[in-house]
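Structure provided below as structure tokens; questions to follow.
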Amino acid sequence: MNLLPIRAHRPRTPARFLLASLAGVLLLGVSGCAGSGEERPSVVVTTNILGDITRNVVGDEAEVTVLMQADADPHSFGISAPQAASLEQADLVVYNGLGLEENVLRHVRAAQEAGVSTLAVGEAVDPITYTAGESADEPDPHFWTDPERVRKAVGLIADEVTAHVRGVDTSAVRRNASAYEAQVTELTAWMRARFDEIPPGRRQLVTNHHVFGYLAQRFRFHIVGAVIPSGTTLASPSASDLKSLADAVRTAGVKAIFADSSQPARLAQVIERESGIDVDVVPLFSESLTAKGKGAATYLEMMRANTTSIATGLGTA
């Protein structure tokens, strides 16, 4: 007669303990996931060009967050409050420096003051100064137009990642860096071969602003001038600037002007209206990567596209 009550109570007690145990396991699982997410090492990069280079070095060893969106202007892009906070929570901040990220540098300085390790890549790759225009004698931040300086930057980033980003596999980072350095070295050789096809008298560059000084130095081009006689897109040309440029273009017999891919048509209209000269305006990817499939989604793709455009625009025949 006691069997029925015993049978009725047997499933309840184990079920209660089973549910409690299951809840505990679930809580531990959630807590463990949150903890592992917080513990994942973090590298924050300001510009998307440096972001692509850094991702090739870091690989899967850490989370790499890039602040600058595709097709943005490094001189004027801004960041949100959560992005600013991510700088101060990073293991390492990689930024261009030399005044490039004009709206973000104060947040980088705040991260430095909070004790975060930072790397100003442009300052460590033998920077040059502008030689003309409003920015004359100021440091030129556009070092990535010289792939040899980028190759040096790869080693510097690898050094900082292995030194300051906790928990990374040093050997893996070094292997990644070595493999990417080899690709950049190959890029340099390919660019030199393409540019060598341009007759020396045609190796003359006019751009929308001063952005290709490093490329000119590496591959022996002459900078005739810039529509905006400054190292930043935040400046604007005056009527006298455009007249001086037009005179220089006529004297040099320049065949093409190279403009940022976001505004070639507008630039051509301004030049023709204000200066009375008729030249081809060739779009280049100068300061930002594009979205995937838009022509310059990686640093290597951007440099190959620009090299082809310059060689074609200046005439390789």
Side-chain angles (χ1 to χ4, degrees), residues 49-50 52-53 56 96 121-122 125-133 140-154 180-229 231 245 248-262 264 267-268 271 277 279-290 294-317:
I49 293 173
L50 272 178
D52 178 58
I53 295 166
N56 276 280
N96 194 92
V121 179
V125 292
D126 189 22
I128 63 176
T129 58
Y130 296 110
T131 58
D140 183 346
H142 306 95
F143 74 89
W144 61 85
T145 65
D146 173 12
E148 282 301 288
R149 282 181 167 86
V150 167
R151 186 174 62 82
K152 182 176 181 179
V154 169
Y180 193 65
E181 283 175 341
Q183 293 183 66
V184 176
T185 298
E186 181 183 353
L187 171 69
T188 304
W190 179 83
M191 289 176 66
R192 180 167 286 112
R194 289 291 280 128
F195 289 146
D196 282 348
E197 297 172 6
I198 303 172
R202 295 182 184 176
R203 290 192 180 196
Q204 304 187 86
L205 291 176
V206 179
T207 56
N208 64 316
H209 77 291
H210 291 300
V211 68
F212 288 102
Y214 289 91
L215 181 144
Q217 182 193 71
R218 177 65 59 189
F219 298 105
R220 304 188 310 279
F221 281 85
H222 171 61
I223 302 290
V224 174
V227 177
I228 301 173
L245 178 65
V249 167
R250 290 191 191 96
T251 301
V254 171
K255 296 182 59 178
I257 292 177
F258 299 96
D260 187 85
S261 58
S262 64
L267 180 60
I271 293 171
I277 58 175
V279 295
D280 291 334
V281 177
V282 179
L284 297 180
F285 304 105
S286 59
E287 297 187 294
S288 176
L289 300 183
T290 66
K294 299 298 183 180
T298 69
Y299 171 72
L300 297 176
E301 184 181 23
M302 178 186 76
M303 294 300 288
R304 288 182 179 274
N306 285 347
T307 299
T308 299
S309 294
I310 291 171
T312 302
L314 295 181
T316 55

How far does CE of Met191 sit from CG of Asp196, to the nearest 0.5 angstrom?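 One gets 11.5 Å once the value is rounded to the nearest 0.5 Å.
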Separation of Thr308 OG1 from Arg304 CZ (nearest 0.5 Å): 8.5 Å
Would you check, one step at a time, whether the test side chain to side chain contact (heavy atoms under 4.5 Å, CB included) holds for Asn96 with Phe143? CA-CA 9 Å; Asn96 194 92; Phe143 74 89; 3.1 Å; yes
Which heavy-atom pair separates Phe258 from Ser309 by the least distance, and what is that distance? CE2-O, 3.8 Å
Counting N and O atoms only, with roles assigned by atom type, does the side chain of Trp144 sit under 3.5 Å from a partner on the main chain of Ser286, one being a donor and the other an acceptor? yes
Does the side chain of Ile128 come within less than 4.5 Å of Arg149's, by heavy atoms?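 A side-chain contact exists here, since the closest heavy-atom pair is under 4.5 Å.
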Give the ring-plane orientation class for Phe221 versus Phe195, where under 30° counts as parallel, over 60° as perpendicular and anything between as tilted.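 Perpendicular.
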Looking at Asn306 and Phe285, would you say the former's side chain and the latter's main chain have a donor-acceptor pair under 3.5 Å? yes
Correct closest heavy-atom pair for Gly315 and Pro199 would be O-CD, 3.5 Å
With side chains defined as the heavy atoms from C-beta onward, is the minimum distance between Asp52 and Met302 less than 4.5 Å? no
To the nearest 0.5 Å, atom CD1 of Ile223 lies from atom CD of Gln217 at 10.5 Å
When you compare the side chain of Leu300 with that of Trp190, does any pair of heavy atoms fall below 4.5 Å?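 Contact flag for Trp190/Leu300 side chains = no.
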So, are Glu148 and Arg151 salt-bridged, with charged N and O less than 4.0 Å apart?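 A salt bridge links Glu148 with Arg151.
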Could you tell me the separation between the OG1 atom of Thr188 and the CE atom of Met303, rounded to the nearest 0.5 Å?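 Thr188 OG1 to Met303 CE: 8.0 Å, rounded to 0.5 Å.
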Hey, are the side chains of Leu205 and Leu215 touching, using non-hydrogen atoms and a 4.5 Å cut-off?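 They are in contact (side-chain heavy atoms under 4.5 Å apart), so the answer is yes.
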How would you list, by chain and number, every residue that makes a side chain to side chain donor-acceptor pair (under 3.5 Å) with Ser288, sequence neighbours excluded? Asn48
What is the minimum heavy-atom distance between Gly313 and Val282, and which atoms define it? CA-CG2, 4.4 Å
If you compare all heavy atoms of Leu314 against all heavy atoms of Arg203, which two are closest, and at what distance to 0.1 Å? CD1-CA, 4.3 Å
So, does Tyr299 use its side chain to make a donor-acceptor pair with the main chain of Val184 at under 3.5 Å? no
More than 12 heavy atoms of other groups within 6.0 Å of Gln183 CD: yes
Scanning both residues in full, the closest heavy-atom pair of Ala153 with Val121 reads CB-CG1, 3.5 Å
Do the side chains of Arg218 and Arg192 get nearer than 4.5 Å, heavy atoms only?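 In short, these two side chains touch, coming nearer than 4.5 Å.
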If you look at every heavy atom in Tyr214 and Pro141, which pair is closest and at what distance?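 Looking at all heavy atoms of both residues, the closest pair is CE1-C, 4.5 Å.
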Quick one: are Val150 and Ile53 in side-chain contact, heavy atoms under 4.5 Å? yes
